[in-house]
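Since the structure comes first, as structure tokens, the remarks are kept for the end.
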Number of protein chains: 2
Amino acid sequence: MQTTDEWSCGVSKVMDVFAGKWKLNILWIIYNEEGIRFNQLKNRTVGITNIMLTRSLETLTSEKIISNNLIGNKPPFKSEYYLTTKGKSLVPLMQSLNDWGKNNL
Amino acid sequence: MQTTDEWSCGVSKVMDVFAGKWKLNILWIIYNEEGIRFNQLKNRTVGITNIMLTRSLETLTSEKIISNNLIGNKPPFKSEYYLTTKGKSLVPLMQSLNDWGKNNL
DNA sequence: CGGAATCCCTTGCGATACTG
DNA sequence: CAGTATCGCAAGGGATTCCG
């Protein structure tokens, strides 16, 4: 039997990645639209505000789940978001979560 | 491509089940010790207080993820906790989460 | 266009004490 | 034994405004 310590060790990290109201949703959108831009992401994430999107992207970037390219040195700027390799490894997990949710009311 | 709506529909429910500081850990313990009692659960969940355990169990029960048997009509009481069928269907998901966490520091 | 700064409000978390 | 009742704090979420 797996001990509680081994368990909570692995799981708490994932829950940190998924924690919060928006991050998982944002990940999914970026996955489906690699290179998506800030304002597109904002439009696709219904109900989110600037600050919450910024904070979520900040956190995910610092966790190396996503990365972004800044293009241009004067306005209008461009910023394109991608999943990293680590981020892509989360995709099957997200799909499993989604499937469970759809099958259990 | 899957739409954002289909996605958020399924996932938000799962994240609700897993939300909070203790619920996932409690689920894992109950899974490993079917029929576990309140105070045993409290001892195994390091750092939890009465009220947080009560609240977590309440939520999970109302979501039909766990169930409990109350035994006896006068003190000392017994209360035994189990995973429901729905709760058991979450086990593979929990294991996937744990595996990812262990493999991604 | 892609953010950051500020301020506020709500929610979750928890210590302590008590009860059937 | 298995909870409940209070009260308080801290963190997360968000509206608004402003900036390079």
Side-chain angles (χ1 to χ4, degrees), chain A residues 8 11-27 29-30 33-63 65-83, chain B residues 8 11-27 29-30 33-63 65-83:
Chain A
S8 44
V11 135
S12 54
K13 289 170 199 153
V14 189
M15 293 315 286
D16 262 13
V17 174
F18 287 166
K21 189 169 176 179
W22 305 104
K23 284 160 68 177
L24 201 42
N25 218 311
I26 289 168
L27 280 179
I29 295 169
I30 296 179
E33 290 186 60
E34 290 279 324
I36 195 172
R37 307 250 300 280
F38 186 90
N39 278 323
Q40 294 177 318
L41 205 38
K42 188 181 164 189
N43 291 332
R44 284 197 158 282
T45 314
V46 180
I48 203 169
T49 59
N50 271 357
I51 191 86
M52 289 314 297
L53 181 53
T54 300
R55 284 175 191 165
S56 304
L57 293 173
E58 239 169 2
T59 307
L60 290 168
T61 302
S62 75
E63 292 167 330
I65 308 293
I66 63 173
S67 66
N68 74 317
N69 289 338
L70 280 165
I71 301 167
N73 59 350
K74 55 186 66 163
F77 297 114
K78 282 190 178 188
S79 184
E80 302 181 332
Y81 290 90
Y82 303 88
L83 293 189
Chain B
S8 45
V11 135
S12 54
K13 288 170 197 152
V14 189
M15 292 316 287
D16 261 13
V17 174
F18 288 166
K21 189 169 178 179
W22 304 105
K23 284 160 69 178
L24 199 43
N25 218 309
I26 290 168
L27 280 179
I29 296 169
I30 296 179
E33 291 185 59
E34 290 279 324
I36 194 171
R37 308 251 298 281
F38 186 89
N39 278 325
Q40 295 177 316
L41 205 39
K42 188 181 164 189
N43 291 332
R44 285 195 156 283
T45 314
V46 181
I48 202 170
T49 59
N50 271 357
I51 191 89
M52 288 315 297
L53 181 52
T54 300
R55 285 176 191 166
S56 304
L57 292 173
E58 239 169 1
T59 306
L60 290 168
T61 302
S62 76
E63 292 167 329
I65 308 292
I66 64 173
S67 66
N68 75 317
N69 289 338
L70 281 165
I71 301 166
N73 58 350
K74 56 186 67 162
F77 297 113
K78 283 189 176 189
S79 185
E80 303 182 331
Y81 289 91
Y82 304 88
L83 293 189

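Letters A, B, ... are given to chains in the order of the sequence lines, protein chains preceding strands, and every chain is numbered from 1. All heavy atoms count here, side chains included; hydrogens, waters and symmetry mates do not. Values in this document were obtained by computation on a predicted structure and should not be read as measured data.
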Do any N or O atoms of the protein come closer than 3.5 Å to N or O atoms of nucleotides 8-11 of chain C, and which pairs are they?
none

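- Of the candidates B:Asn50, B:Asn43, B:Asn68, B:Asn50 is the only one forming a side chain to side chain contact (heavy atoms under 4.5 Å, CB included) with B:Phe38.
- Nucleic acid contact class of A:Gly72 (heavy atoms, under 4.0 Å, all strands): none.
- If you take CE of B:Met15 and P of D:dG13, they are 11 Å apart, rounded to a whole angstrom.
- Rounded to an integer number of Å, the gap from CD1 of A:Ile36 to P of C:dC1 is 14 Å.
- The shortest distance between side-chain heavy atoms of B:Asn25 and A:Val11 does not fall below 4.5 Å.
- No donor-acceptor distance shorter than 3.5 angstrom exists from the side chain of B:Lys78 to the backbone of B:Asn69, with no hydrogens or angles considered.
- B:Ile48 places a side-chain heavy atom less than 4.5 Å from the side chain of B:Ile26.
- At whole-Å resolution of the value, CE in B:Met52 and C1' in D:dA11 are 13 Å apart.
- Between B:Met15 and A:Met15, some side-chain heavy-atom pair lies under the 4.5 Å cut-off.
- Two residues are said to be in side-chain contact when any heavy atoms from C-beta on lie closer than 4.5 Å; B:Lys23 and B:Val17 fail this criterion.
- Checking the phosphate oxygens (OP1, OP2) of C:dC13, no side-chain nitrogen or oxygen of B:Trp22 falls inside 4.0 Å.
- For the pair A:Ile36 and A:Arg44, the minimum side-chain heavy-atom distance is below 4.5 Å.
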Under 3.5 Å, which N/O atoms of the protein pair with N/O atoms of nucleotides 1-5 of chain D?
residue, atom, partner, partner atom, Å
D:dC1, O3', B:Phe77, O, 2.9
D:dA2, OP1, B:Arg37, NE, 2.6
D:dA2, OP1, B:Ser79, N, 3.0
D:dA2, OP2, B:Asn39, N, 3.4
D:dG3, OP2, B:Ser79, OG, 3.1
D:dG3, OP2, B:Tyr81, OH, 2.5
D:dG3, N7, B:Asn50, ND2, 3.1
D:dG3, O6, B:Asn50, ND2, 3.1

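- In this structure the side chain of A:Leu60 reaches within 4.5 angstrom of the side chain of A:Leu27, judged on heavy atoms.
- Across B:Tyr82 and B:Glu34, no two heavy atoms sit closer than the pair CD2-OE1, 3.3 Å.
- With rounding to whole Å, B:Lys21 atom NZ is found 11 Å from D:dA11 atom P.
- In this entry the distance linking CD1 of A:Ile48 with C1' of D:dT16 reads 16 Å, nearest Å.
- With rounding to whole Å, A:Asn69 atom CG is found 19 Å from C:dC1 atom P.
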